[in-house]
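This structure is a prediction, so every number in the text was calculated from the model and none was measured. This chain uses plain numbering: 1 for the first residue, then up along the sequence. Just so you know, ligand 1 is whichever comes first in the structure, and atom 1 is the first atom listed for that ligand.
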Amino acid sequence: MAVVRILVTGFEPFNGQSLNPSWEVARALHGLPLQGVRGAQITAVQLPCVFATALPNLQQALAEHRPDIVLALGQAEGRCDFSVERVAINVQDARIPDNAGAQPIDVPVIAGGPAAYFSTLPIKTLVAGLKAAGYPASVSQTAGTFVCNQVFYALQHTLAGLGVHSGFMHLPLLPEQAAQWKGPTLPSWPAPFQIAGVTEALALLVAQRQQGRGDAAITGGALN
Ligand code: PCA
């Protein structure tokens, strides 16, 4: 069986934080064969939380590793489960400055690009499989308008039509971050649980790809 090349991206910490769960998870998986799945190899790449450099870094990682599956990860403080993103939109509208101090407002990710791209991951199957394995998960209808959405949009734009399965998942905070968070008490999950859940997600994605199945017709509808 051909090797399945999996690229997992995570972000550096941002907004004054010293950790980002997405990178803690990604780096824990780097270089590992996917547990229980023969022939799958994981590479992790860290992306800067900087509008000006996130995309060149992403492009370089795609060119270098030529993945079959890409799971981009990001932190979403306040979310309380694995948030499998459905759609990336062609806008940057930053609520806070990025790590280089830039705060674009209503700037397209790619000028002239389509308004949006859908994930090409089987998002419903992923949510159902994660839940069945004991990991809370849901379909999210928005990846926001900050650097995560920018990377998700550029990822889908770059890989459109190439047969690579790619998408984005937001993660809750780590307990160490939540303990220091100023403002409301936010949900958090320990790193080992997040790592195990993402490992489960990757196994589901590889199985789905190898079996060539479509996505499950389960509702992911929500009001928010
Ligand atoms: N989360 C931010 C950017 C980096 C990250 O981990 C976001 O949701 O856009």
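Contacts between Phe146 and ligand 1, counted as non-hydrogen atom pairs separated by less than 4.0 Å, involve both the backbone and the side chain.
Heavy atoms from other residues, nucleotides or ligands lying under 6.0 Å from NZ of Lys131 number 12 at most.
Tracing side-chain contacts under 4.5 Å through hydrophobic residues (I, L, V, M, F, W, Y), one reaches Leu29 starting from Met169; they form part of the same cluster. Under the 4.5 Å side-chain heavy-atom criterion for ILVMFWY residues, no single connected hydrophobic cluster contains both Ile69 and Phe168.
Close contacts of ligand 1 with Asn20, meaning ligand atoms under 4.0 Å from a residue heavy atom, involve 5 (C), 6 (O). Every atom of ligand 1 with a heavy atom of Phe14 under 4.0 Å away is listed here by number and element: 1 (N), 2 (C), 4 (C), 5 (C), 6 (O). In the vicinity of Gln75, heavy-atom distances shorter than 4.0 Å reach the ligand 1 atoms 1 (N), 2 (C), 5 (C), 6 (O), 8 (O). Interface of Gly74 with ligand 1, defined as ligand atoms under 4.0 Å from a residue heavy atom, comprises 6 (O). For ligand 1, the atoms sitting less than 4.0 Å from at least one non-hydrogen atom of Phe11 are 4 (C), 5 (C), 6 (O), numbered in the order shown with element in parentheses.
Taking the six-membered ring where the residue is Trp, His157 and Tyr153 present parallel rings, their angle staying beneath 30° rather than reaching 60°. Under the 30°/60° scheme for interplanar angles, the aromatic rings of Tyr135 and Phe82 are found to stand perpendicular.
Put simply, no part of Gln150 is less than 4.0 Å from ligand 1, judged by heavy atoms. In this structure, Cys49 counts as a contact residue of ligand 1, since one of its heavy atoms falls inside 4.0 Å of the ligand.
A donor atom on one side chain and an acceptor atom on the other are not found under 3.5 Å apart for Glu77 and Gln17. Judged by distance alone, the side chains of Glu85 and Ser140 do bring a donor and an acceptor atom under 3.5 Å apart.
Of all protein heavy atoms, the one closest to atom 7 (C) of ligand 1 is Cys148 SG, 2.8 Å.
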